[in-house]
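Structure record follows, encoded as structure tokens.
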Protein chains: 2
Amino acid sequence: MAEGSRVTVPSTRATIVDVARAARVSRQTVSNVLNRPDKVAPPTLERVRAEIARLGFTPHVTAQQLRRRKAAAFGFEVNPSGHAKMGHILDEFLVQLTVAAPGHGSHVMTFAPDPEDVVEGYRQTLATGLVDGFVLADTRPGDPRPQWLLEHDVPFVAFGRVWDLPDLHQWVDVDGGIGVRHAVAHLVEAGYDRIGFLGWPAGSPVGDDRRNGWLAGLADAGRTDPDEAEAEESVQDLDQATAAAERLLARLGPGSAVVCASDMLALGAVRAARNAGLALGPDVGVVGFDDTDVAEALSVTSIRQPIAEAAQTAWRMLLSPRSTEPVLLVPELTVRSSSTRTPSSAATRPHDTLITEEQQ
Amino acid sequence: MAEGSRVTVPSTRATIVDVARAARVSRQTVSNVLNRPDKVAPPTLERVRAEIARLGFTPHVTAQQLRRRKAAAFGFEVNPSGHAKMGHILDEFLVQLTVAAPGHGSHVMTFAPDPEDVVEGYRQTLATGLVDGFVLADTRPGDPRPQWLLEHDVPFVAFGRVWDLPDLHQWVDVDGGIGVRHAVAHLVEAGYDRIGFLGWPAGSPVGDDRRNGWLAGLADAGRTDPDEAEAEESVQDLDQATAAAERLLARLGPGSAVVCASDMLALGAVRAARNAGLALGPDVGVVGFDDTDVAEALSVTSIRQPIAEAAQTAWRMLLSPRSTEPVLLVPELTVRSSSTRTPSSAATRPHDTLITEEQQ
DNA sequence: GGAACGGGTTTGAACGTTCCAACAAATGCG
DNA sequence: CGCATTTGTTGGAACGTTCAAACCCGTTCC
């Protein structure tokens, strides 16, 4: 073993053997220091740790992956066309997943979908041994991925409900319905008379969820017969959304408010209010969804999904036994001037702990 | 696919030795089939390939990484707070980087910044052996990362100019200036009289770049004395942006147009036009930057950065020798009704190849 | 006082692949 | 025809780590 004679040139990274030699112990003891410190005698422990620090040794994760036969990494499929789909919620989710990863001793590997077959990208990625499993996002009814992963015994967790498999509990989602419900309560408390809903046509699970939250919110406030609602096909067609919001506001009358299923729809509502010569906040209340930069720029109150918490929950589920329950997180309301009736009440902070006000 | 049909118990994945045994050759020959097919006799090649297909063998990348002493993966630092900074350009860049990765035989690993020290996250990530280098984004003057990576001989490429190291050519960026310049030309051609600029205060490299593009565009059109410009501090404060746009439009007079340094500023310009009772397109032209969903929703013409191409270029630079030149990509203009003076000319497609019209 | 125990440490082997040197057979050359 | 060269293939070793079992030695137990 004359390999490490040249002490001066640290051209190559320090390995566990280098540390072992320096601390006058065997490789395995160094390994134990790192992985089972309780099994090592205190003096030895200290000596080895000193050498680790001195040599700046960091374990070679690739070698660990090979020997341990697990990657401690999970794959996340990015969607190249998803630009307009779920806003940028999924981008933020990926970021938060990455941020939370080290805390769970893991990593995130992104990969692109196979254009041919949905599951093929997953099969390939898994076969490389670079990941132990996957974090799914953008789950939808008819999604073949959960079924396939279950069949092949691949660990995974979904961000979004897994609609087709009621027995599968490995998912986190944000309870949009309760978010809207709280928004309605907030608008009632703020003093708006009637509270309408601007959403998407019935049929989409997410959209229906939010609409039901609106109905529940009205029921909470003792409104037995629902206020008006309008539905828009496209999130992008702002002109139609604006027109729908105009009709909605006309029917609701002055002093009313509109809860929207997205910030883009809220932008339509804001334009409708302007067109009708109504002041945003004092004359008409507007609440959006997702708390995007648009809502921030327009100073529109918006329902914010707790993405960081969702990412944490995802890791917890991934790394814990299958017995977990699904988790529905409660979104928070970022209150801005669009839901403030009077200038004086702008300073009044709601006491509901679920509602936070943005600090400027 | 009878890939792993129950010939034997396929509980464990097929390895290169399994293939070798089945094809009655040595491991090394199988390895050669995969890596240097030219060195293998045709009959053998065919036989081994058949077995590879039959057994559904995929090389274990982790083992390759260890033996080859390279990961064929690059790290990308995600920014948890960057939500509002560069729009969602960086999110899209990460996606496109991931999409292009397999074409270059590589992968992308995301990692979070170390809160303490900027380069520490890079040091750590590199030490694990999980990546060979990095793709930097969001470079700014004074950025310590390029210097450190150079000193430690770590391969990297930057998306965004590397300001402090003029001799470093390992970067791709989008030429915002020429994008604005083309936008000005487009507006001139569309028949707008005076063309203003709504941007950020002087001092930011990106903002100055775009403003200079505006000036260059005016010069192209033979305007020796520049039209009016306004600068806004914050991209988010839409009310101030709107007010600035109102002043700008008032000074420019009817039939003029405004080029904006961001889509959010363009939103301010759109509001200003509405407030002034001017029709967007016929009465006043507006062009935004980044072609976000806001621009799409408002039907605002916007300058789109060629992110997919930037990602491709980044990979090319990473995997080629250091001798490459830096690359400045030319953005495209997505033309919408906000820069169309007359209804008839809406159908007219500009002949400039750099300008594309969105197909609906 | 020998056997059983147990904490602490070491050694051999393995994870799945590629590098490297060696080798056998076929080919070229003088 | 003998020898050098090429072509195709092979086996040993190594990448850096952890698993599994063995080992050493001081205690405890009957």
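First the proteins, then the strands, lettered A, B, ... as listed; each starts at 1.
For the residue pair A314(A) and F93(A), the shortest heavy atom distance occurs at CB-CZ, 4.3 Å. Residue F57(A) comes nearest to L34(A) through the heavy atom pair CE2-CD1, 3.7 Å, listed as atom of the first residue, atom of the second, then distance.
Pairs passing the side chain to side chain donor-acceptor pair (under 3.5 Å) check and including a residue from residues 31-41 of chain B, sequence neighbours excluded, read Q28(B)-N32(B), S31(B)-N35(B), N35(B)-R68(B). Pairs passing the side chain to side chain donor-acceptor pair (under 3.5 Å) check and including a residue from residues 100-113 of chain A, sequence neighbours excluded, read H104(A)-Q312(A), T110(A)-T98(B).
Rounded to whole Å, the distance from CZ on R68(B) to C1' on dC15(D) is 13 Å. Atoms NZ (K70(B)) and P (dT17(C)) sit 18 Å apart, rounded to a whole Å.
Between D18(B) and R21(B) there is a salt bridge, with a side-chain nitrogen of the basic residue lying less than 4.0 Å from a carboxylate oxygen of the acidic one. Salt bridge R161(A)/D173(A): present, at least one basic N to carboxylate O contact under 4.0 Å.
At most 12 heavy atoms of other shown residues, nucleotides or ligands fall within 6.0 angstrom of atom CD in E46(B).
Between the side chain of D164(B) and the backbone N or O of G142(B), at least one donor-acceptor pair lies under 3.5 Å. Looking only at distances, a side-chain donor or acceptor of W315(A) sits under 3.5 Å from a matching main-chain atom of L97(A). D132(B) contributes no side-chain N or O that, together with a main-chain N or O of K70(B), makes up a donor-acceptor pair within less than 3.5 Å.
Listed by residue number, T44(A), L66(A), R67(A) are the residues of residues 42-67 of chain A with a heavy-atom contact under 4.0 Å to DNA chain C. Listed by residue number, the members of residues 124-131 of chain B with any heavy atom below 4.0 angstrom from DNA chain C form an empty set. For DNA chain C, the residues of residues 22-40 of chain A within the heavy-atom distance limit of 4.0 Å (strictly under) are V25(A), S26(A), R27(A), Q28(A), T29(A), V40(A), sorted by number.
Put simply, OG1 on T58(B) and CD1 on I16(B) are 12.0 Å apart, with the number rounded to the nearest 0.5 Å.
Contact annotation: the side chain of Q124(B) never approaches that of D114(B) to less than 4.5 Å [non-hydrogen atoms, C-beta and beyond].
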So which protein N/O to nucleotides 24-26 of chain D N/O distances come out below 3.5 Å?
none

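Considering only side-chain N and O atoms, R69(B) lies nowhere under 4.0 angstrom from the phosphate OP1 or OP2 of dC15(D).
Ring pair F134(A)/F76(A): centre-to-centre distance not below 6.0 Å.
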